[in-house]
Peer 1: 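Quick one: this structure, given as structure tokens, is what I'll be asking you about.
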Amino acid sequence: MRPIFDGHLDLALFALAHNRDMTEPAAVSNRREEGMTDALERGLGAVSLPDMRRGRIPVCQSSLAARVNRKTMPVSRLDLDFGTQAMAHANAQGQLAYYRVLEEMGEVALIRTAGDLDRQWERWERHSDSDLPVGIIVSMECADPILGPDQVESWWEDGLRSVMLTHFGHGQYAAGTGVEGPLTGRGRELLARLAEVGMTLDVSHLAEESFYDALDHFPGPVIASHNNCRALVPGDRQLSDPQIRLLLERSAVIGSVLDAWMLVPGWVHGKSSPENVTLAAVADHIDHVCQLAGNSLHSAIGSDVGGLNHMPSDFHTIADLQKLEPILAERGYSEADLDNIFHANWLRHFRGWLPDS
Ligand SMILES: [Zn+2]
């Protein structure tokens, strides 16, 4: 199996908001959740550390996800909304604590440096069939838990290595999915500090004006961890072709995402069924980025695996990311292209931008 680097997951959020143990297979968690009705995704989990090992995923970015109270998210409530930044901060620190405990348990390896990344990757190359820890680069989905620009350095010391400025609606620092507007004044100050410490800016979820504003003001490394293409699916959550071209100029990697509402036009959370959505749609978005770039050096996977009620119908756990290989191979993607998309592009970004020590 070809190793996969997944550019976006929310492992701590699922653990702490859904009370779901990431060290047991999703099938086991799903049986525990039979009959529970407090969230749409109960019994429909598709990601866990054992499933990642089964699907040969040595490394992912996994988020700290918390935000100041907004009601615009189009999925089941996941308890990532908090009334104040102080509370969002405390929750995100709790998610970080979860990753740290998983590391002490030998379940994950937190990756803070380029050396950590190389060691993790080599370890999996040497022992492909064992119970190795899953590598996690800690990212942040919405910067609201960072109380202000002065706190960037302490988050960096905590091991945070990439940051999305906002999520859905208006955040403390930028406008996000579903709304319009530029960065806030504090958003610009935050960007300057993020650049100073060497943090990767993840532009996923930025509203269009905030997107251009952020790229104008941020001289550092840029990615779009989980983002599909507006040419295929209308809507501000997707990147337009001009946005993708600008990201290509910045050498960004763009992760294609599996959530059905970002894969096909007209899909509505809580109403549509994933029946007619398949992994072939993910390949369409990967292909669109590759066609715009003229190569396979910018497209990757940022699966954002959530409940099976909004994942492709031929996808049952995260191990099924491997099914993308024959789909892309059939479309003419070479072995080298598949390596780029499955892991080499993300590896190049993080080997280049994580600190040496
Ligand atoms: Zn997201």
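Whatever order the structure lists them in is the order used to number ligands and atoms, beginning at 1. Remember, it's a predicted structure, so these values are computed and weren't measured experimentally.
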Peer 1: State whether Glu335 and Arg2 are salt-bridged, where the test is any N-O pair (Lys NZ or Arg NE/NH1/NH2 against Asp/Glu carboxylate O) under 4.0 Å.
Peer 2: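 Salt bridge present between Glu335 and Arg2.
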Peer 1: Tell me whether Glu107 is salt-bridged to Arg53, with the criterion being a basic N under 4.0 Å from an acidic carboxylate O.
Peer 2: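 A salt bridge links Glu107 with Arg53.
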Peer 1: Does this structure show an ion pair linking Glu34 with Arg42, if we count only N-O contacts that are shorter than 4.0 Å?
Peer 2: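 Salt bridge between Glu34 and Arg42, a charged N being under 4.0 Å from a carboxylate O: no.
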Peer 1: With side chain to side chain donor-acceptor pair (under 3.5 Å) as the test, pick out the partner of His205 among Asp236, Thr177, Thr166.
Peer 2: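 Output: one option passes, namely Thr177.
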Peer 1: Looking at Lys323 and Asp314, is any side-chain nitrogen of the basic one under 4.0 Å from a carboxylate oxygen of the acidic one?
Peer 2: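 Salt bridge flag = no for Lys323 with Asp314.
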Peer 1: If the threshold is 4.0 Å, N to carboxylate O, is there a salt bridge linking Asp284 and Arg331?
Peer 2: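 Yes, Asp284 and Arg331 are salt-bridged.
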Peer 1: What protein N, O or S atoms come within a distance below 2.8 Å of the Zn ion (ligand 1), ordered by chain and number?
Peer 2: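 Less than 2.8 Å away from the Zn ion (ligand 1) sit Glu141 OE2, His205 NE2, His226 NE2.
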